[in-house]
> 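Before I ask anything, here is the structure I am working with.
Model, not experiment: these values are computed from the prediction.
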Amino acid sequence: MKRHPGSRVRSRILTAVAAAAASVLVLSGCAVGNGGSSSDGGPQLSKKPVTISLNWWGAGARVTATQDAVKLFEKAHPNITVKLQSTDWGSYWDKLATTVAGGNAPDVMQFDQLYVASYAQRGAIADLSTYSKYLDTSSLSKNVLATGEYDGKLYAVPIGLNSMGVAVNRTILDKYGVELPDGKSWTWNDLNRVATEITEKSDGKVKGLDPFGGDTPSLTLWARQHGNQLFDQKGNVVLKPSMLAGYWQYALDQIKSGVTPSASQLAEGATGNLDQSDLATGKVAMTFLPSNLTAFQVAAPTQKLDMLPFPSAADAKKGWQYLKSSMYWTISSRSKHPAEAAELVDFLTTDPQVGKLFGAERGMPANPKFQKLIAPDLSGSDKIVMNYIKQVTSESGTPAPVTPVGGQDADTLLNQLWQNVQFGKTTPHDAAVQYITQLKKEIAAAK
């Protein structure tokens, strides 16, 4: 599973996009290269041969599929050559920061929601709505498209979708004769009951649950179903201390009751590899997880895994659930060939051949037409995730805003304070006040 880069990389990113913004201001109003602005202000396709670049993170199957997709694009657009480069997650952002600062960012970039606001606010990535002549986003629903918006503008086109849920090891449940309630309507009390039953029937050999507590996606869902949220659309922290304290207290009560591993066991397992995780090794029966169940199935091939929606509060109003983009395509605001770059993004997000090539490797496809194309070929965990995403899609409300500028450490800070809460170094309330105060300071400092 990917891990976010440290503060050094984030600092380089902020510096890079600030430098890019200055360059964009100098270039504003001017045509840029063969694909620059026309007399009516819009980008135009070049009649001459052009070369554009495409960068992404990932390896293995993703590299092969992307290369094959680009070959199809080049065949359909013989005057366009695409230079490709892939790196691992951490190196990707470091290299991107350097190229952006140097004024030679890739024309098309794979992006994560964590950095959309940072690059958009400082003018390093383009408003894609201005490229609608070449980039068709009509197949994406309003809520899905909104996951790539910042400050009311579209800066990133979603590639795949995911959503936080509960991964369940049904092999364990079957072994101990534990039945799950209807996942479409189960509550937090239901979750506790099942976790307790698993723990008791296994005589403690298997814990019922790996608790949440240190990630913003689960916190956001908890807050939304209780009438609150972490950030508003303007990037302000609006989370109430009592909301965060309640989120932590729920998980703390589970740890104290013994239905989860102890605080020390949780801390020890947090740094392990995927195939050594508690879910993969059968030490716990359930865990909170983004819908990348396939990775866990690969790590634990003999286990029968399943995906259930997040439990809900008894009084939760409809629309608290939401979809999150697994990743996006963006275009550099300094691209010399923006029209060609837009055509490439359009091809990668709408061409049926690409849909078949990409499958569910970058997350369940955001384009519903792609979902229909690959559905007959899906099996195992991929099919489970497809059905899960469809269920969440039917229940989803407005998506959560992208992480605001300065909020990139929201997960790191949350996890650090959650550790302190688990080991009794502070109370849930005091830690919640500290978290919100610190996060507000970091966001204010970045403005």
Side-chain angles (χ1 to χ4, degrees), residues 2 4-21 24 93 96-97 100 109 111-129 143-158 162-164 214-224 227-241 243-244 247 290 320 322-328 330 333 397-417 432-447:
K2 66 183 183 184
H4 295 319
S7 57
R8 177 182 64 83
V9 174
R10 282 186 286 269
S11 177
R12 290 193 65 180
I13 288 171
L14 292 175
T15 301
V17 292
V24 170
W93 297 105
L96 186 62
V100 168
M109 300 162 279
F111 240 71
D112 185 84
Q113 73 86 29
L114 193 64
Y115 299 117
V116 169
S118 297
Y119 279 82
Q121 187 186 67
R122 292 167 173 82
I125 52 178
D127 174 6
L128 301 181
S129 63
N143 281 345
V144 169
L145 204 59
T147 66
E149 293 178 352
Y150 170 71
D151 198 23
K153 297 179 180 180
L154 179 67
Y155 288 97
V157 177
N162 66 31
S163 182
M164 180 68 72
D215 65 279
T216 55
S218 67
L219 171 60
T220 300
L221 282 172
W222 174 275
R224 282 169 65 105
N228 196 204
Q229 56 185 336
L230 179 53
F231 303 115
D232 65 13
Q233 292 295 333
K234 294 182 179 181
N236 300 310
V237 180
V238 293
L239 184 69
K240 298 176 182 177
M243 187 64 59
L244 177 51
Y247 164 82
W320 61 267
Y322 73 99
L323 290 167
K324 178 180 177 295
S325 179
S326 57
M327 58 192 75
Y328 310 88
T330 62
S333 59
T398 303
V402 296
T403 301
V405 181
Q408 290 86 353
D409 282 329
D411 277 276
T412 301
L413 179 60
L414 186 72
N415 190 55
Q416 289 173 345
L417 291 171
V433 171
Q434 184 180 348
Y435 177 76
I436 293 169
T437 300
Q438 181 62 32
L439 193 56
K440 285 182 176 179
K441 286 182 179 179
E442 293 183 0
I443 291 173
K447 291 182 178 180

> Can you tell me how far CG of Asn162 sits from OG of Ser325, rounded to the nearest 0.5 angstrom?
7.5 Å
> Start with the C-alpha distance between Tyr155 and Leu128, add both sets of side-chain angles, then the distance that settles side chain to side chain contact (heavy atoms under 4.5 Å, CB included), and finish with yes or no.
CA-CA 5 Å; Tyr155 288 97; Leu128 301 181; 5.7 Å; no
> Is the shortest heavy-atom distance from the side chain of Met164 to the side chain of Asp215 under 4.5 Å?
yes
> Is the backbone of Gly123 close enough, under 3.5 Å, to the side chain of Ser333 for a donor and an acceptor to pair up by distance?
yes
> Are the side chains of Tyr328 and Thr147 in contact, using a 4.5 Å heavy-atom criterion?
yes
> Could you pull out every donor-acceptor pair under 3.5 Å between side chains of residues 436-447 and any protein atom, sequence neighbours left out?
from, atom 1, to, atom 2, distance (Å)
Thr437, OG1, Val433, O, 2.8
Gln438, NE2, Glu442, OE2, 3.2

> For the side chain of Asn228 and the backbone of Lys240, is there at least one donor-acceptor N/O pair under 3.5 Å apart?
yes
> Let me confirm one number: the CD-CG distance from Glu149 to Asp127, rounded to the nearest 0.5 Å.
9.5 Å
> How close do Gln233 and Pro399 get, counting heavy atoms only, and between which atoms?
NE2-O, 4.1 Å
> For Leu96 and Tyr115: C-alpha separation, side-chain torsions, deciding distance, then whether side chain to side chain contact (heavy atoms under 4.5 Å, CB included) applies.
CA-CA 11 Å; Leu96 186 62; Tyr115 299 117; over 6 Å; no
> Considering all heavy atoms of both residues, which atom of Gly148 and which atom of Leu154 are nearest to each other, and what is their separation?
O-CD1, 3.8 Å
> Hey, what do you get for CG (Asp112) to CD (Gln408), rounding to the nearest 0.5 Å?
10.5 Å
> Under 3.5 Å, side chain of Thr330 to main-chain N/O of Met109, donor-acceptor pair present?
yes
> Test your reading of the model: is there a side-chain donor-acceptor pair from Tyr435 to the backbone of Ala410, 3.5 Å cut-off?
yes
> Just how far is it from atom OG1 of Thr412 to atom CG of Leu417, taken to the nearest 0.5 Å?
11.0 Å
> If the condition is side chain to side chain donor-acceptor pair (under 3.5 Å), which residues does Thr403 pass it with, not counting sequence neighbours?
Gln113
> Before giving the answer on side chain to side chain contact (heavy atoms under 4.5 Å, CB included), spell out for Phe231 and Val238 the whole-Å C-alpha distance, their side-chain angles and the decisive distance to 0.1 Å.
CA-CA 6 Å; Phe231 303 115; Val238 293; 5.8 Å; no
> Identify the heavy atoms of Ala156 and Val116 that sit nearest to each other, and give their distance.
CB-CG2, 4.3 Å
> Is a side-chain N or O of Asp411 found less than 3.5 angstrom from the main chain of Thr216, in a donor-acceptor match?
yes
> Write down the atom of Leu244, the atom of Ala432, and the distance for their closest heavy-atom approach.
CD2-CA, 3.6 Å
> Taking atom types as modelled, find out whether Ser218 and Tyr247 have a side-chain donor-acceptor pair closer than 3.5 angstrom.
yes
> Run the ring-centre check on Tyr119 versus Phe111 and record whether the distance is less than 6.0 Å.
yes
> Give the minimum heavy-atom separation between Ala120 and Tyr150, together with the two atoms involved.
CB-CD2, 3.8 Å
> State whether the side chain of Asp409 and the backbone N or O of Leu413 hold a donor-acceptor pair below 3.5 Å, judged by distance alone.
no
> Is a side-chain N or O of Ser163 found less than 3.5 angstrom from the main chain of Leu323, in a donor-acceptor match?
no
> Test Trp320 against Leu221 for side chain to side chain contact (heavy atoms under 4.5 Å, CB included), laying out the working first.
CA-CA 7 Å; Trp320 61 267; Leu221 282 172; 3.8 Å; yes
> Closest heavy-atom contact between Met243 and Trp222?
O-NE1, 3.6 Å
